[in-house]
Each structure stands twice: as structure tokens, then as C-alpha cells.
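Below is one structure; the comments refer to it alone.
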Amino acid sequence: MALSVLTSITFLLCETIFFEVLYSADNLYLPLLARDFFTQGKISHWYLPPSPYLFPDFLLMVLLYQFFPFLFLPTVYGVVQSSLFFMGIYFYQWQKEKNQNLALFRMLLFSFALFVFAIVSFVFSDSPNPFVFLFCNAHHSTGFLFGFSLYLFYRNAKKDYGIFLIFVFTFLYSNDRLATILIITPLFFLTKSNEKKFALLFIPILGEILIFGLHEFFLFPSSFKTLQNYTEFKSTKQLFFLATSYLFDFSKILFYQGKIFLFVFTFGIFQWKQIPKQSKLFLVYTFFISIFVLIIVGRFTYLHPYPIRYLLPVLILILLFVISNAQGKWEWLLIFILVLIPCLALTLEFPRKPTYLSFQRAFGKTVSYDLEKPIRFWTEGKQTPVPVDKEGKAYLWITGAFGSRHTP
């Protein structure tokens with residue numbers, strides 16, 4: 001019953017307050033990739049993103065494609081991904097405490113806090129709502145949640161699954177460097193065993209070898225080369241100035257467009273004493289790594305003024321670590337309160353129908369990047385425009401519009 005309630009809430013939120021981001025051009029990459037995989041039998045013609053998200057994101061999307069309507073895939077993906085994470089929290093707490101009711105209470109408390117903060121962020125008009133990325137595909141969310149769930153499982157496992165984890169994390173690294181680094185770096189500093197430290201260092205090496213192999217079959221840019229091209233002729237002083245200026249500007253945007261962060265951080269500070277020491281260290285490491293990655297990617301690689309998704313792991317960990325020590329026997333009261341959230345969601349606007357109708361009109365043969373994938377998606381491939389830049393040249397960035405591996 002509890003999971004059914006959470007699934008219903010997630011579906012309604014994905015169809016209302018999260019809809020705009022879930023159905024934006026960047027988030028339609030994997031549904032369209034899956035469609036080409038089944039309708040054309042290939043995906044080699046695609047220009048993939050720097051993190052191709054073939055594992056585990058694409059595998060999950062391919063599975064969902066078999067059972068659910070195409071036009072609902074982003075919503076269904078968000079529902080399934082969050083549900084799996086909720087279940088992971090439940091089983092981890094059950095494994096940890098050996099108490100089924102307490103595990104259920106903590107899972108419900110986490111989901112309740114998540115939904116409440118997401119709704120508050122919507123009321124504050126945060127743009128974008130940072131919690132939407134928990135339900136997104138191809139935004140590092142699936143990789144982080146998957147990797148972190150493996151970490152929680154391994155921490156309490158009675159057997160040693162070291163070889164298995166190295167194998168899985170290597171595949172995860174080759175498709176999502178950021179998510180893997182956010183998991184294995186704190187583990188490296190927290191692990192006392194030299195053998196385990198060496199194994200963690202081995203993951204990026206194997207991952208880079210696998211990435212090199214993927215370049216033989218798929219087209220996607222090299223993040224390291226892009227970073228090198230931007231920074232190689234700049235002095236250390238210039239880089240420091242650019243990084244600090246960027247972080248200052250990002251902080252100002254965060255203050256005006258991400259007020260929910262202030263609430264969650266304040267919530268975490270007040271509950272700091274309740275968080276176990278190792279969890280505190282993991283959270284601190286994750287925070288600084290996230291800030292570092294935010295600067296490297298947002299300022300020096302793929303320029304972006306407000307890449308807020310890189311701070312999602314910090315939000316999730318604060319909520320998760322705080323509730324991990326909560327005690328209570330009021331799980332049925334939480335379920336009752338959670339049931340009220342769909343009633344609230346039903347009063348909101350559902351943008352699906354007007355969005356669908358707006359993309360049924362005829363478009364030209366060439367369109368801007370932000371329109372190309374939505375047009376293909378909402379017309380289910382009936383219209384196939386190609387993306388162009390401001391100068392009218394082919395825009396070769398995350399698209400399968402050109403049908404060839406060669407530059408048009």
C-alpha cells in the first residue's frame with residue numbers, strides 16, 4: 001500500500017510541477033534513442049552526450065519502452081526510478097535495523113520530506129526545481145542513485161562482493177563519470193583497507209579503457225579534450241579568478257532561484273548532531289566534490305551558468321542521513337498525510353494536453369536545438385526536422401536527426 005501511494009504521488013508530480021523539465025529537449029534524448037533502437041535497429045548514427053548514459057539509464061529506458069506508451073516514457077521513468085530508490089532505502093534500513101516497521105517508517109519519512117521540499121520549491125518558483133532531477137533520465141541521477149544504492153548494500157553485506165562492484169562501477173564510469181566519481185571518491189578516503197583503495201583507483205583506469213572502445217562505435221565528445229582546449233593557455237591566476245567569480249555568480253543565482261537549498265541546508269545543520277560520523281564525512285566529501293565538479297564542468301568544460309543538478313546528491317544525502325536515525329511508530333499516520341498530497345496535486349495544471357497540441361502543427365525542415373527533439377517526440381517521428389545553430393549550420397549535439405555518422 002505504501003509504495004502504491006508513493007507511486008501515485010510521483011506520477012502526479014511528474015505530470016504537473018516537474019513536467020516542463022521532464023519533457024524538455026535534454027530529457028527526451030533517451031526516449032528517442034530507444035525509439036531509434038527499436039524502429040531502425042541501430043543507434044550508431046546518434047551524436048551522443050559526453051556521458052552517453054547507456055548504463056544503466058538506457059537499459060532501463062529500453063525495458064520501459066516495451067511496456068509503456070512512448071509519450072509517457074519520461075514520466076514512467078521518473079516513477080520507476082524513484083520507486084526503486086524508495087525500495088532501496090526500505091531494504092537497506094531493514095537490513096540495518098532488522099525491524100520491518102522501522103524501515104517502513106524511515107522510507108515514508110524520507111519520501112514525505114522529499115515531496116514536501118519539492119512542493120515548497122515549486123511555491124518559491126525555484127527555476128528549475130532541483131528535486132526534479134531525482135526523477136530525470138540522463139542527468140547523472142540514475143547513475144548516482146544506482147551507485148549509492150550499491151554502496152549501501154555493500155556496506156551491510158555479509159559477503160565480499162568486491163569483484164562484482166568493480167565490474168559494475170567500471171561500466172557505470174564509462175557511461176557516467178560524474179556519478180561514479182561522486183561515489184568512489186568519498187569511499188576512497190573513508191576506506192581503511194589499502195587493497196580496497198587500490199581497487200577503487202583501478203575503476204577509472206578500466207573505465208577510461210572502456211570509453212576509448214566506445215569511441216569506436218559511437219560519436220560523443222571527449223570531456224577531457226574540451227577541458228584541455230579551454231584551459232591550456234590560461235595561467236593558474238586566471239583559472240583561480242574565473243573559478244571564484246563563477247562560484248560567486250552561481251551563489252547569487254542559487255539565492256534567488258534555489259531558495260529550497262537554504263531550507264534543506266538549514267535543516268541539515270540543525271540535525272547535524274544526529275548524523276553518524278561516517279555519514280557526516282561522506283556528506284562533506286560529496287559536498288566539496290560536487291562544488292569542484294560544478295566549477296570544472298560549468299565554467300571550464302561545457303559552459304553553463306547554473307548547473308544545479310550537480311548539487312542534487314547533497315540534497316538527497318542530507319535528507320537520507322537525517323532520517324536514518326529517526327525513531328517512530330507512526331507509519332500509518334505518514335501514509336494518511338501522504339495521501340493528501342495527490343489531492344493537492346490534482347488542483348494543479350496538467351500541461352500534457354496543451355503541450356501535445358502545440359507540437360502537432362507543421363514545422364519547417366530546420367529548427368533550433370531546443371525544438372528538434374520535442375517535435376520528434378510529440379509527433380512520434382512523423383515530423384523529422386534537423387537542428388541548426390544561429391548561423392543555420394548543422395547542430396551536432398545530442399541528436400540522431402542526421403541519420404549518418406558523417407558530418408552533414
**Request:** Using the side-chain contact (heavy atoms from CB on, under 4.5 Å) rule, take Tyr310 and Ile291 through it: C-alpha gap first, then chi angles, then the decisive distance, then the call.
**Result:** CA-CA 8 Å; Tyr310 298 134; Ile291 295 296; over 6 Å; no

**Prompt:** Would a 4.5 Å heavy-atom cut-off, applied to side chains only, mark Val21 and Cys136 as touching?
**Reply:** yes

**Item:** Ile398 and Leu48: CA distance, side-chain angles, deciding distance, side-chain contact (heavy atoms from CB on, under 4.5 Å) verdict
**Value:** CA-CA 5 Å; Ile398 316 179; Leu48 304 182; over 6 Å; no

**Prompt:** To the nearest 0.5 Å, what is the distance between CG (Leu294) and CD1 (Ile308)?
**Reply:** 7.5 Å

**Item:** Results of side-chain hydrogen bond (donor to acceptor under 3.5 Å, both in side chains) for Gln81 - residues two or more places apart only
**Value:** Thr142

**Request:** Look at the rings of Phe321 and Phe282 and say which category their plane angle falls in: under 30° parallel, 30 to 60° tilted, over 60° perpendicular.
**Result:** perpendicular

**Request:** Check for a donor-acceptor pair, side chain of Lys234 on one end and backbone N or O of Tyr230 on the other, with a separation under 3.5 Å.
**Result:** yes

**Prompt:** Okay, side chain of Thr399, backbone of Tyr395: is any donor-acceptor separation there less than 3.5 Å?
**Reply:** no

**Asked** Which is it for Ser368 and Leu371 under the side-chain contact (heavy atoms from CB on, under 4.5 Å) test, yes or no, and what are the steps along the way?
**Response** CA-CA 6 Å; Ser368 60; Leu371 287 176; 3.9 Å; yes

**Prompt:** For Leu102, does its backbone N or O pair with a side-chain atom of Asn99 as donor and acceptor, under 3.5 Å?
**Reply:** yes

**Request:** Mind running side-chain hydrogen bond (donor to acceptor under 3.5 Å, both in side chains) on Tyr302 and Ser223 for me, showing each step along the way?
**Result:** CA-CA 8 Å; Tyr302 304 105; Ser223 297; 3.2 Å; yes

**Message:** Over 60° means perpendicular and under 30° means parallel, so tell me whether Phe261 and Phe265 are parallel, tilted or perpendicular.
**Reply:** tilted

**Item:** Within-4.5 Å side-chain heavy-atom neighbours: Ser111 and Phe85
**Value:** no

**Prompt:** Any donor-acceptor pair under 3.5 Å linking the side chain of Arg35 with the backbone of Glu380?
**Reply:** yes

**Audit row: Ser24, Asp26, side-chain hydrogen bond (donor to acceptor under 3.5 Å, both in side chains) steps and yes/no** = CA-CA 6 Å; Ser24 62; Asp26 288 342; 5.7 Å; no

**Prompt:** Heavy atoms, side chains only, cut-off 4.5 Å: are Thr180 and Phe144 in contact?
**Reply:** no

**Asked** Are the side chain of Thr185 and the backbone of Leu182 linked by a donor-acceptor contact shorter than 3.5 Å?
**Response** no

**Request:** May I have the step-by-step check of ring pair (Phe, Tyr, Trp, His ring centres under 6.0 Å) for Tyr77 and Phe68, ending in yes or no?
**Result:** CA-CA 10 Å; Tyr77 190 100; Phe68 295 96; over 10 Å; no

**Message:** Using a 3.5 Å distance criterion without hydrogens, assess whether the side chain of Asn229 forms a donor-acceptor pair with backbone atoms of Lys225.
**Reply:** yes

**Request:** Drop me the distance from Ser174's OG to Ile209's CD1, to the nearest 0.5 angstrom.
**Result:** 11.5 Å

**Asked** With a 4.5 Å heavy-atom cut-off, do Leu54 and Leu33 have their side chains touching?
**Response** yes

**Asked** Got a donor-acceptor contact below 3.5 angstrom from the Lys259 side chain to the Tyr256 backbone?
**Response** yes

**Exam field: side chain Asp36 to backbone Gln40, donor-acceptor pair closer than 3.5 Å** = no

**Asked** Taking the side chain from Ser279 and the backbone from Ile275, do they hold a donor-acceptor pair closer than 3.5 Å?
**Response** no

**Request:** For Thr301 and Ile296, indicate whether the former's side chain and the latter's backbone hold a donor-acceptor pair under 3.5 Å.
**Result:** yes

**Request:** I would like to know whether Trp272 and Leu283 meet side-chain contact (heavy atoms from CB on, under 4.5 Å); could you show each step before the answer?
**Result:** CA-CA 11 Å; Trp272 188 251; Leu283 179 57; 3.7 Å; yes

**Request:** Please find out if less than 6.0 Å separates the ring center of Phe117 from that of Phe263.
**Result:** no

**Request:** Over 60° means perpendicular and under 30° means parallel, so classify the ring planes of Phe55 and Phe146, tilted if in between.
**Result:** perpendicular

**Message:** Taking the side chain as everything from C-beta on, heavy atoms only, tell me whether Pro74 gets closer than 4.5 Å to Pro31.
**Reply:** yes

**Request:** Please lay out, stage by stage, how Ser324 and Gln93 fare under the test side-chain hydrogen bond (donor to acceptor under 3.5 Å, both in side chains).
**Result:** CA-CA 8 Å; Ser324 288; Gln93 293 295 336; 3.2 Å; yes

**Prompt:** Taking the six-membered ring for Trp, are Phe377 and Phe70 parallel (under 30°), tilted (30 to 60°) or perpendicular (over 60°)?
**Reply:** tilted

**Request:** Count the heavy atoms belonging to other residues, nucleotides or ligands that lie under 6.0 Å from OH of Tyr356, then report whether that count exceeds 12.
**Result:** no

**Message:** When you compare the side chain of Phe300 with that of Leu242, does any pair of heavy atoms fall below 4.5 Å?
**Reply:** yes

**Item:** Side-chain heavy-atom pair Met61, Asn137 within 4.5 angstrom cut-off
**Value:** yes

**Prompt:** With a 6.0 Å cut-off on ring centres, are Tyr53 and Phe58 close enough?
**Reply:** no

**Message:** How long is the straight-line distance from NE2 of His140 back to CG of Asn175, given to the nearest 0.5 Å?
**Reply:** 12.0 Å

**Message:** Within the supplied structure, the quantity of interest is the number of heavy atoms (other residues, nucleotides, ligands) at a distance under 6.0 Å from Glu20 CD; does it exceed 12?
**Reply:** no

**Prompt:** How far does OG1 of Thr244 sit from CG of Leu239, to the nearest 0.5 angstrom?
**Reply:** 10.5 Å

**Request:** Could you tell me whether Arg352 sits above the aromatic face of Phe72, with NZ or CZ closer than 6.0 angstrom to the six-membered ring centre and within 45 degrees of the axis?
**Result:** yes

**Prompt:** Is the Trp378 ring parallel, tilted or perpendicular to the Phe359 ring (thresholds 30°, 60°)?
**Reply:** parallel

**Item:** Derivation and outcome, ring pair (Phe, Tyr, Trp, His ring centres under 6.0 Å), residues His215 and Phe220
**Value:** CA-CA 7 Å; His215 275 284; Phe220 57 96; 4.1 Å; yes

**Item:** Close aromatic pair by centroid cut-off 6.0 Å: Phe169 and Tyr173
**Value:** no

**Item:** Residue pair Tyr23 / Thr75, side-chain donor-acceptor N/O under 3.5 Å
**Value:** yes

**Asked** Would His139 and Asn27 count as a side-chain hydrogen bond (donor to acceptor under 3.5 Å, both in side chains) if you check the C-alpha gap in whole Å, the side-chain angles of each, and the deciding distance to 0.1 Å?
**Response** CA-CA 8 Å; His139 278 82; Asn27 218 50; 3.2 Å; yes

**Request:** On the 0 to 90° scale, with breaks at 30° and 60°, tag the Phe250-Tyr306 ring pair as parallel, tilted or perpendicular.
**Result:** tilted

**Request:** Nearest 0.5 Å please: distance from the CG atom of Leu6 over to the CG atom of Leu108.
**Result:** 6.0 Å

**Asked** For Tyr90, which residues count as a side-chain hydrogen bond (donor to acceptor under 3.5 Å, both in side chains) partner, sequence neighbours excluded?
**Response** Gln100

**Request:** To the nearest 0.5 Å, tell me how far Ser121 OG sits from Ile17 CD1.
**Result:** 8.0 Å

**Prompt:** Can you list the residues that meet the salt bridge (Lys or Arg N to Asp or Glu O under 4.0 Å) rule with Arg177, with sequence neighbours excluded?
**Reply:** Glu208

